[in-house]
Amino acid sequence: SQTIHQWPATLVQPVGSPLSLECTVEGTSNPNLYWYRQAAGRGLQLLFYSVGIGQISSEVPQNLSASRPQDRQFILSSKKLLLSDSGFYLCAWKGGDPPLHFGNGTRLTVT
Amino acid sequence: GEDVEQSLFLSVREGDSSVINCTYTDSSSTYLYWYKQEPGAGLQLLTYIFSNMDMKQDQRLTVLLNKKDKHLSLRIADTQTGDSAIYFCAERDYNTGKLIFGQGTTLQVKP
C-alpha cells in the first residue's frame, strides 16, 4: 500500500535561517506531488506541485522554493525564513481517484 | 478563478445532526470532496461525489450536491465528540486536476 512521510513534525526556526522540509512517498511510482500551506485560522493554499522529476510549478510568488530530485521525493526549501512563513505545511500525492493523500504535516514556527 | 467558500464554525450537541455547507464557482468541476482534519494532523479524505450525482450516502455521512446553485453539503448523523475537527470542502479543477480547497469549517461537538 502507498504511504507518505513528512518530517520533521515540528520545527522552530529563527528569522533569516534556511529551511528544508522533506516528503517521500512509498508504494507508487511517478506520483503528482504537492506542497500546501495552512496558515493559522485559514484554509489550504497550494504552494507547489510537481508532475515529475525536476518539474516544479509554483502557484504563488513567495519566499519558498521546491525541488524534486527523485521520483518519490519532494523538498520544500527557503534560503532565509520570514515570520510570515510560519504555518502548517502539508505534502500530498495524487495517483488516481480518490485524489490527494496527505502526510501528517510539519508545524513551522518562525521566531 | 475558482473559489470555494465555507462557513467557519459550527457547534452542535452530541447526538444531533451536523450540516456543513460549501459553495463553489467552477461549474465544470468533475469531483467534489470532503476532507477531515483533526488537531495537529494532516487531512483525511472522508468522501467525494461525482458531479453527475445528487446525493451520496456512506454510513453516517450524506453528501448532497446542487449543481444549479453550486452548493455542496455534508450531513453527519448522530454526531459524536470524535467528529470534532475541521472539515474542508474541495473542488477539482477540470483543466488542471488540482484541488481547490475552502477555508475549512470547525465543527465543535458539545457533550
Side-chain angles (χ1 to χ4, degrees), chain A residues 1-11 21 23-25 30-52 55-60 66 74 76 87-109, chain B residues 1-9 20-26 29-53 56 58 61 63 74 85-108:
Chain A
S1 63
Q2 302 93 349
T3 55
I4 181 168
H5 302 280
Q6 264 189 262
W7 67 91
T10 307
L11 191 60
L21 301 182
C23 171
T24 58
V25 181
N30 197 31
N32 287 359
L33 296 171
Y34 304 81
W35 278 111
Y36 282 85
R37 176 170 60 199
Q38 185 180 24
R42 310 235 355 229
L44 287 164
Q45 180 184 37
L46 178 62
L47 301 177
F48 300 96
Y49 71 96
S50 171
V51 299
Q55 300 179 62
I56 308 294
S57 295
S58 175
E59 289 295 296
V60 293
F74 204 23
L76 184 69
F88 192 50
Y89 289 83
L90 289 156
C91 180
W93 73 274
K94 177 182 178 299
D97 285 321
L100 286 199
H101 306 266
F102 284 86
N104 286 329
T106 296
R107 173 80 54 197
L108 172 66
T109 304
Chain B
E2 308 91 348
D3 193 19
V4 179
E5 294 194 356
Q6 302 176 237
S7 53
L8 295 181
F9 187 78
I20 302 171
N21 294 302
C22 169
T23 57
Y24 60 97
T25 57
D26 186 2
S29 294
T30 52
Y31 287 93
L32 295 136
Y33 306 88
W34 284 104
Y35 280 84
K36 176 183 180 182
Q37 184 183 33
E38 295 184 354
L43 271 69
Q44 172 195 3
L45 179 67
L46 275 182
T47 186
Y48 63 101
I49 189 168
F50 190 52
S51 58
N52 68 352
M53 298 168 64
K56 180 178 180 180
D58 183 3
L61 304 178
V63 179
L74 174 69
I86 303 175
Y87 291 81
F88 289 92
C89 167
E91 65 170 344
R92 183 176 180 178
D93 181 86
Y94 178 77
N95 293 314
T96 65
K98 292 181 290 186
L99 263 62
I100 310 298
F101 285 86
Q103 63 267 57
T105 299
T106 298
L107 175 64
Q108 179 189 63

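Chain letters run A, B, ... following the sequence lines, proteins first and then strands; every chain starts at 1. Computed over heavy atoms, backbone and side chain alike; hydrogens, waters and symmetry mates excluded.
Top candidate by heavy-atom pairs under 4.5 Å with chain A, chosen from B:A41, B:G102, B:G104, is B:A41.
For A:Q38, the part lying near chain B is the side chain, with the backbone staying farther off; criterion is any non-hydrogen pair under 4.5 Å. For chain B, the nearby part of A:E59 is the side chain; its heavy atoms alone come within less than 4.5 Å. Both the backbone and the side chain of A:L44 come within less than 4.5 Å of a heavy atom of chain B. Heavy atoms of B:Q44 lying under 4.5 Å from chain A are absent altogether.
The structure places CD1 of B:I100 at 7.0 Å from CG of A:L46, a figure rounded to the nearest 0.5 Å. With rounding to the nearest 0.5 Å, the separation of CG in B:L43 from OH in A:Y36 is 9.5 Å.
Listed by chain and number, the residues in a side-chain hydrogen bond (donor to acceptor under 3.5 Å, both in side chains) with B:E5 amount to none (sequence neighbours excluded).
The backbone N or O of A:L100 sits nowhere less than 3.5 Å from a side-chain atom of B:Y33 that would complete a donor-acceptor pair.
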